[in-house]
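Here's the structure we're looking at; comments come further down.
By convention in this document, chain letters (A, B, ...) are assigned in the order of the sequence lines, proteins followed by strands, and residues within each chain are numbered from 1. Hydrogens, waters and symmetry mates play no part in the numbers below; they use all other heavy atoms, side chains included.
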Amino acid sequence: MNLIDELRWRGMIQDMMPGTEEQLLKEMTTAYIGFDPTADSLHIGSLVPILLLVHLQKAGHKPIALVGGATGMVGDPSGKSEERNLLSEEVLQQNVAGVKKQLEQFLDFNTTRPNAAEIANNFDWFKNFSFLNFIRDVGKHITVNYMMAKDSVKKRLEGETGMSFTEFTYQLVQGYDFYYLYKHKNCKLQMGGSDQWGNIVTGTELIRRKAGGEAFAFTCPLITKADGSKFGKSEKGNVWLDSSRTSPYEFYQFWLNTSDEDAARYIKIFTFLSPEEVNEILVQHKGNEYQRKLQKKLAEEITAFVHGRDALAKAIQATDLLFSKETLQIIATLSHDELDATLTGVPAVEISREKITAESPDIVTFLAETAVFASKGEARKMVQGNGISLNKQKVSDVSAKIDLSSFIHNKYLFVQKGKTNYYLIKAV
RNA sequence: GGGCAGAUGGCCGAGCGGUUAAAGGCGACAGACUGUAAAUCUGUUCUCUCACGAGUACGUAGGUUCGAACCCUACUCUGCCCA
């Protein structure tokens, strides 16, 4: 299978410019994707573009990951119904550094290879590009009529929030990136999410008009969930690639909870499994959905890709322990150190032993103090609503007292909020 | 610079002098059912309080009134139109 065939099979191609496939078959092609430095870590929404670059490199082409130090200063209006707030320069620089570091994990930068990956920051070519020069050199080639026809612009003109000149300019800035990379890196292909199509096409247009060159593009569909809710959110918010923000355990859990319908699509998109392997899993899954082999495989593959095999092993250990029917019995057989090691990544809170002995607080106070809940009121509602378990035992009595005897090994207390959210409380 | 419209809880959106902590929807969380799914049904969803209750809140600051999200004034911000 060639690259495009494979990506098509995986469901990763939405739109493609004519000639793209031929270009990729003809020669080693340099291609790029831009990443927005809106935070100092990428989240799983960026996983698809990352994977596109990885697939591209595996197919023998040369990937460039572009960090938008400059475009991040402007703000992409695509898919946004409102004007964005500008990030300060310091924040932006931190973010660029963080994002860069993460991207480096996923691609092969070994310069002995002809298709070694590269990282670029568009701030490098924009920082000394004056406004006047920009509007003369770049702006002159694209008509306002053309720019206004873009969906991202049209929507905002029709909407009621309007659009600043800054964001209106965005497509030109990004378009120039493509032109610049075309000129200086012989980069002929840009990829991205389907929301980027308009911006990308402005780039190819600029290359055509300004350089008389031909450049190509394809986009992948935005990841959706079958129930229509937003992909990439857990009850704690974004799912990040940075393990200090979202632990491998939480990351693994996120994927494990994918619905059947979604998982069947995701396994093609987010893993490198071959069609045969995927088919086999789908066949095994059918009729045995309760075993959730599909979700497990999905979670394993992605967690290993992002966090490595060791982290995956720990995530599975913790999962097996917490969601087992014999959690308590197993724990009884483990030493403190073994427990600590097994439960890496499970949200943990420490509380002083003296405090518990001295106060033996009621469960509501206790849960509020250990930060499982923000307030007593919230904790109370949840206990009354039958949503809290201590050491796997439902507790619905608001006045229940907590003392050291509640702790396993005199040290560990498992608080469960709902069915799936565990907090480990350690008495120290 | 001038005219017009608007600013309500995480979001959308009703309310237009007392019965409004503010309809409805979305989102979020929980319960039931299940497979740690999905769909469905139920409950919760400003803060504090065991609770009775209390405190804040409808862009900001004043004012009118027994009483204001609702009326008046000024200001701020947003959009539209004109110059």
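- The side chain of A:Met382 lies closest to B:C29, out of B:A39, B:C29, B:G35.
- B:U65 and B:G13 are spaced 29 Å apart, taking the C1' atom of each and rounding to whole Å.
- For the pair A:Phe373 CZ and B:C48 P, the interatomic distance rounds to 13 Å; values are reported in whole Å.
- Residues satisfying the side-chain hydrogen bond (donor to acceptor under 3.5 Å, both in side chains) test with A:Gln295, not counting sequence neighbours, are A:Asp260.
- In this structure, the CG atom of A:Leu157 is 12 Å from the C1' atom of B:G79, given to the nearest Å.
- The residue among A:Asn386 and A:Lys381 whose nearest nucleotide of RNA chain B lies closer to the 5′ end is A:Asn386.
- Using cut-offs of 30° and 60° for the angle between ring planes, the A:His55 and A:Phe272 rings count as tilted.
- As rounded to the nearest Å, B:U42 and B:A5 have P atoms that lie 43 Å from one another.
- Nucleotides B:G24 and B:U44 are separated by 11 Å at their P atoms, to the nearest Å.
- A:Arg208 meets the salt bridge (Lys or Arg N to Asp or Glu O under 4.0 Å) test with A:Glu205; sequence neighbours excluded.
- When the C1' atom is used for both B:G17 and B:A32, the distance is 45 Å, rounded to whole Å.
- Applying the side-chain hydrogen bond (donor to acceptor under 3.5 Å, both in side chains) rule to A:Asn128 yields no partners; only residues at least two apart in sequence or on another chain are considered.
- A straight line from CZ of A:Phe414 to C1' of B:U36 spans 16 Å, rounded to a whole angstrom.
- At a cut-off of 3.5 Å, with distance as the only test, a side-chain donor of A:Gln196 or A:Asn199 sits close to an acceptor on the other residue.
- A:Tyr249 is linked by a ring-ring contact (aromatic ring centres under 6.0 Å, His included) to nothing, counting only residues two or more places apart in sequence or in another chain.
- Here B:U45 presents its C1' atom at 9 Å from CD of A:Glu378, a figure rounded to the nearest Å.
- Partners of A:Tyr412 under the side-chain hydrogen bond (donor to acceptor under 3.5 Å, both in side chains) rule, at least two apart in sequence or in another chain, are A:Asp340.
- A:Met163 places its CE atom 17 Å from the C1' atom of B:C80, with the value rounded to the nearest Å.
- Within 4.0 Å of A:Asp227, counting heavy atoms only, lie sugar-phosphate atoms of the nucleic acid but no base atom.
- Non-hydrogen atoms lying under 4.0 Å from RNA chain B are contributed by A:Gln253, A:Leu256, A:Asn257, A:Thr258, all within residues 240-258 of chain A.
- Closest approach to the A:Arg292 side chain among B:G35, B:G31, B:A38 is made by B:G35 (side chain taken as heavy atoms from C-beta onward).
- The P atoms of B:C70 and B:U8 are separated by 14 Å, rounded to the nearest whole Å.
- The same atom, P, is picked in B:A7 and in B:C26; the two are 23 Å apart, to the nearest Å.
- Each ring pair (Phe, Tyr, Trp, His ring centres under 6.0 Å) pair with one or both residues in residues 372-398 of chain A, not counting sequence neighbours, would appear here, but there are none.
- Using modelled atom types, no side-chain atom of A:Arg209 and backbone atom of A:Thr204 make a donor-acceptor pair closer than 3.5 Å.
- Rounded to whole Å, atom P of B:C29 lies 11 Å from atom OH of A:Tyr423.
- Nucleotides B:U56 and B:C4 place their P atoms 37 Å apart, quoted to the nearest Å.
- As rounded to whole Å, 11 Å separates atom C1' of B:A32 from atom NZ of A:Lys394.
- Residue A:Gln295 is in base contact, counting any heavy-atom pair closer than 4.0 Å across all strands shown.
- Between A:Phe305 and A:Phe270, the ring centre distance reaches or exceeds 6.0 Å.
- Remark: RNA chain B forms stems of 3 or more consecutive Watson-Crick or G-U wobble pairs, all pair distances under 3.5 Å, at B:1-7 with B:76-82, B:10-12 with B:24-26, B:27-32 with B:40-45, B:46-48 with B:53-55, B:59-63 with B:71-75.
- Using modelled atom types and a 3.5 Å distance limit, the side chains of A:Lys150 and A:Thr202 yield a donor-acceptor pair.
- With sequence neighbours left out, A:His61 forms a ring-ring contact (aromatic ring centres under 6.0 Å, His included) with no residue at all.
- Between A:Leu3 and A:Glu21 there is no side-chain heavy-atom pair separated by less than 4.5 Å.
- Here the separation of B:A68 from B:G27, taken at their C1' atoms, is 31 Å to the nearest Å.
- Computed from coordinates, the A:Asn238 CG to B:A28 C1' distance equals 15 Å when rounded to whole Å.
- In this structure, a donor-acceptor pair under 3.5 Å is present between the side chains of A:Asn122 and A:Thr71.
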Where do N or O atoms of nucleotides 81-83 of chain B meet protein N or O atoms at under 3.5 Å, pair by pair?
none

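- A glycosidic torsion no more than 90° from 0 defines the syn conformation; B:C46 lies beyond that range and is anti.
- Evaluation of the side-chain hydrogen bond (donor to acceptor under 3.5 Å, both in side chains) rule for A:Asp124 yields no partner, not counting sequence neighbours.
- The residue A:Lys225 sits apart from the nucleic acid: no heavy atom pair falls under 4.0 Å.
- In this structure, of B:U45, B:G31, B:C29, it is B:C29 that holds the atom nearest to the side chain of A:Lys417.
- Between A:Asn421 and B:A30 there is a side-chain polar atom (N or O) within less than 4.0 angstrom of OP1 or OP2.
- The backbone N or O of A:Ser247 sits less than 3.5 Å from a side-chain atom of A:Glu250, completing a donor-acceptor pair.
- Looking at heavy-atom distances under 4.0 Å, A:Glu289 makes contact with a base.
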Can you name the atoms? Protein N/O to nucleotides 50-53 of chain B N/O, anything below 3.5 Å, with the distance.
residue : atom : partner  : partner atom : Å
B:C50   : OP2  : A:Arg380 : NH2          : 3.2
B:C50   : O5'  : A:Arg380 : NH2          : 3.4

